[in-house]
There are 2 protein chains.
Amino acid sequence: MTRPVRLADVAREAGVSHGTASNVFSRPEIVRDEVRERVFAAASKLGYAGPDPKGRLLRAGKVNAIGVATAEPLSYFFDDPFARTVMSGISQECDATGAGISLVSAANKEQLAWNIQSALVDGFIVFCVEGGSRLVELTRERKLPFVTLDFAEHDDTVATIGVDDVAGAGMAARHLAELGHRRFAVLALPTIETGYGPTTLERAQNAIYSGTRDRIRGYFEVLATHGIDVKAVPIYETENDEASTRAGMEHLFASPEPPTAILAMSDRMAMAALDWLRERGIEVPGEVSVIGFDGVPESAVSTPPLTTIAQPIVEIGRRAVQTILGFDGTIRRETLDVELIVRGSTAPPPSGS
Amino acid sequence: MTRPVRLADVAREAGVSHGTASNVFSRPEIVRDEVRERVFAAASKLGYAGPDPKGRLLRAGKVNAIGVATAEPLSYFFDDPFARTVMSGISQECDATGAGISLVSAANKEQLAWNIQSALVDGFIVFCVEGGSRLVELTRERKLPFVTLDFAEHDDTVATIGVDDVAGAGMAARHLAELGHRRFAVLALPTIETGYGPTTLERAQNAIYSGTRDRIRGYFEVLATHGIDVKAVPIYETENDEASTRAGMEHLFASPEPPTAILAMSDRMAMAALDWLRERGIEVPGEVSVIGFDGVPESAVSTPPLTTIAQPIVEIGRRAVQTILGFDGTIRRETLDVELIVRGSTAPPPSGS
DNA sequence: CATAGCGCTTGGATCGATTCAAATTTTGCT
DNA sequence: AGCAAAATTTGAATCGATCCAAGCGCTATG
């Protein structure tokens with residue numbers, strides 16, 4: 001491979017200064033036609049690829065791209081329905097402003113640090129699904145504007161966009177309780193770094209992820225006001241994927257008194273639960289009701305369509321980009337409203353129970 | 001906003017040369033402990049954010065990120081099932097090698113040019129869905145390694161990874177013909193830049209997108225060998241989205257002799273067709289058979305599950321990354337195999353017809 | 001003919017780091 | 001202590017562009 005052609009080479013070939021050569025490419029209107037032609041001719045003779053963005057970048061300072069970071073593998077952005085929908089909102093806003101998107105992630109921790117440190121971006125949007133605070137620290141060190149999504153640790157030095165998880169979970173529980181359900185079960189998001197299985201209310205209340213904690217709190221506060229024996233409600237902690245959710249359903253329905261109402265902390269779990277129930281021939285919503293959380297697009301077309309607590313997911317993505325691009329030095333914590341969307345997966349419990 | 005701290009500031013503060021300061025961050029093991037501590041102390045005193053990747057980049061030359069370009073809006077990567085699945089493969093490979101991903105796109109043409117020209121990447125993967133060749137030209141000018149996906153124009157100067165569209169479409173047509181169908185209709189991918197509606201075989205054969213042309217060819221060659229009157233087979237050109245596909249179904253089924261077999265050029269269209277048929281109460285596969293193309297994950301869980309021609313989509317993504325990262329100067333055109341996956345959306349036609 | 005004004009071109013400074021050959025300090029050994 | 005070898009540190013060069021104050025040539029004006 002031969003050494004690539006630089007602007008200086010073109011300038012020399014055309015017999016002009018590098019300043020003029022630069023102008024030919026970046027502000028063609030200020031150079032004389034004849035000179036411009038000569039420079040273009042030299043450029044194409046030498047096979048010049050155009051001003052190298054690497055050089056331009058250093059001078060310009062702005063990358064014109066925003067980074068989206070997560071501690072999950074990169075494919076998370078394309079596989080997870082929630083992430084995908086947020087990304088869709090981020091994309092819309094980036095398209096509108098002409099900014100690019102850089103996806104940043106890493107399989108292992110050292111990689112993560114390096115990737116965050118060397119990402120060429122003007123700011124970060126941080127997905128706080130797992131390993132949240134480590135990622136946040138790393139990002140903070142870059143001293144670039146950044147927003148976290150759903151990072152509700154009450155830390156006023158980090159900007160966050162999220163929803164009121166407590167209220168949303170409360171709406172879910174209230175909906176089912178008012179339908180007459182008395183036997184509940186919770187399919188919970190991760191409470192600790194790894195692993196899944198049945199857990200206790202106390203452990204769930206101390207989950208390291210604030211979203212998990214808040215949703216638990218929302219569910220149980222409302223359940224308690226409806227006179228449900230809160231300590232008897234089984235909680236199964238999953239990894240928010242198909243396999244662990246199925247294991248959870250297996251466990252919950254092995255009980256002598258299986259639940260008639262499932263509170264799932266994500267639509268992904270809720271939809272996996274729906275699949276499991278359908279395979280077992282258990283009627284939804286006839287025998288068991290299921291309510292999700294998130295309001296991902298897929299939830300509208302599941303069978304049956306999922307009743308869920310909808311977040312304004314696309315809007316979250318758009319605002320995140322706006323926050324980065326219009327960063328003015330102030331840290332804001334935005335909380336958006338959620339909405340109960342009643343579809344076909346919830347109904348009163350079977351009369352016998 | 002104050003001027004950011006540079007490595008040189010830290011070096012001065014710590015009383016060392018900038019060469020040493022640089023070593024402290026990039027090769028800490030070669031500087032004496034005492035000096036290293038002093039530099040770190042100076043850095044944290046000044047609030048240094050660590051070596052700026054912009055500066056490092058210029059010296060190092062490699063960005064360690066690969067660009068994925070399309071002429072569609074950025075949200076295409078997250079909304080379209082095929083794109084999403086390719087991205088998933090790309091992600092896996094990038095995760096494995098530690099490379100980042102930059103998404104490049106543009107709403108309008110000038111933006112596109114600028115975005116391609118200024119993308120900070122080591123190579124490009126080009127999605128050739130629309131506006132293919134313009135995008136390819138722009139990318140070629142960067143003189144970086146690049147691979148196109150499904151860009152079958154027979155141009156040996158561009159590397160491509162794709163499938164044998166003719167053979168795949170042929171398999172689809174053969175499957176339905178052997179099931180006994182005689183009344184076919186085609187839901188086609190775009191043949192021209194914009195717009196949708198009924199079209200003719202001749203126009204479709206001259207589609208500007210090679211994928212469209214090849215699939216048409218595959219369908220009709222096989223149909224002809226089964227004695228079908230090829231000129232009577234209606235073709236409806238869509239924009240590969242829900243709305244235009246529905247319009248297409250509306251049109252095709254308004255005919256006095258509606259088709260019993262739908263050849264859809266993408267799973268996305270096939271699934272939209274399935275929805276449309278279900279809403280009309282038309283039985284699939286009892287009254288009408290539908291076959292897709294692509295084999296996106298969603299096709300396995302539609303109702304009914306979709307019979308389709310599966311491409312190795314994830315593999316395509318992985319290979320694309322490997323091609324860029326391991327670029328050795330040779331241009332390769334890889335053609336991967338497709339496979340007929342028979343699921344629940346195809347069956348013999350109703351006996352009466 | 002001198003001078004002002006305009007338009008284009010020039011070349012040095014700069015962006016923020018890394019690299020490497022040469023200079024300097026330390027260490028090890030007698 | 002003396003000296004060679006090893007370990008560190010230095011500082012200039014480089015990566016590839018853009019910016020801008022100064023300079024130059026040309027035309028229009030008095």
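Heavy-atom basis, side chains included; hydrogens, waters and symmetry copies ignored. All chains are named by letter (A, B, ...) in the order of the sequence lines, taking the proteins before the strands, and each is independently numbered beginning at 1.
By the side chain to side chain donor-acceptor pair (under 3.5 Å) test, A/E141 is found to be paired with no residue, residues two or more places apart in sequence or in another chain being considered.
Summary of the strand contacts: A/A60 and A/V31 both lie near DNA chain C, and taking for each the nucleotide with the nearest heavy atom, the more 5' one is attributed to A/V31. With the nearest nucleotide of DNA chain D identified for both A/P51 and B/H18, B/H18 has the one nearer the 5' end.
A close approach under 4.0 Å does occur between a side-chain nitrogen or oxygen of B/Y48 and OP1 or OP2 of C/dA17. When the side-chain nitrogen and oxygen atoms of A/S17 are compared with OP1 and OP2 of C/dG11, none of them lie within a distance under 4.0 Å. Remark: B/R27 is in phosphate contact with C/dT19, judged by side-chain N or O atoms under 4.0 Å from OP1 or OP2. For the pair A/S22 and D/dA17, the criterion of a side-chain N or O lying under 4.0 Å from OP1 or OP2 is not met. The phosphate of C/dT14 has neither OP1 nor OP2 within less than 4.0 Å of any side-chain N or O from A/R59.
As a whole-Å value, the separation of A/R6 CZ from D/dT14 P is 10 Å. One can place CG of A/L58 at 12 Å from P of D/dG16, the figure rounded to the nearest angstrom. In this structure, CZ of A/R56 is placed 9 Å from P of D/dC19, rounded to the nearest angstrom. Between A/E29 atom CD and C/dG7 atom C1' the separation is 13 Å, expressed in whole Å. Rounded to a whole Å, the CG atom of A/L7 is 14 Å from the P atom of D/dC15. Remark: P of D/dT10 and CD1 of B/I30 are 12 Å apart, rounded to the nearest angstrom. When rounded to the nearest whole Å, the span between CG of B/N23 and P of D/dG11 equals 14 Å. Residue A/K54 contributes atom NZ, which lies 18 Å from atom P of D/dT14 at whole-angstrom precision.
Using bins of under 30°, 30° to 60° and over 60° for the plane-to-plane angle, the ring pair A/F40/A/F25 lands in the perpendicular bin.
Summarising the geometry, atom CZ belonging to A/F146 is positioned 9.5 Å from atom CG belonging to A/L135; distances are rounded to the nearest 0.5 Å.
For the residue pair A/R318 / A/Q92, a side-chain donor-acceptor distance below 3.5 Å is found, with atom types taken as modelled.
The existence of a salt bridge linking B/E137 and B/R134 is excluded, since no basic side-chain nitrogen approaches an acidic carboxylate oxygen closer than 4.0 Å.
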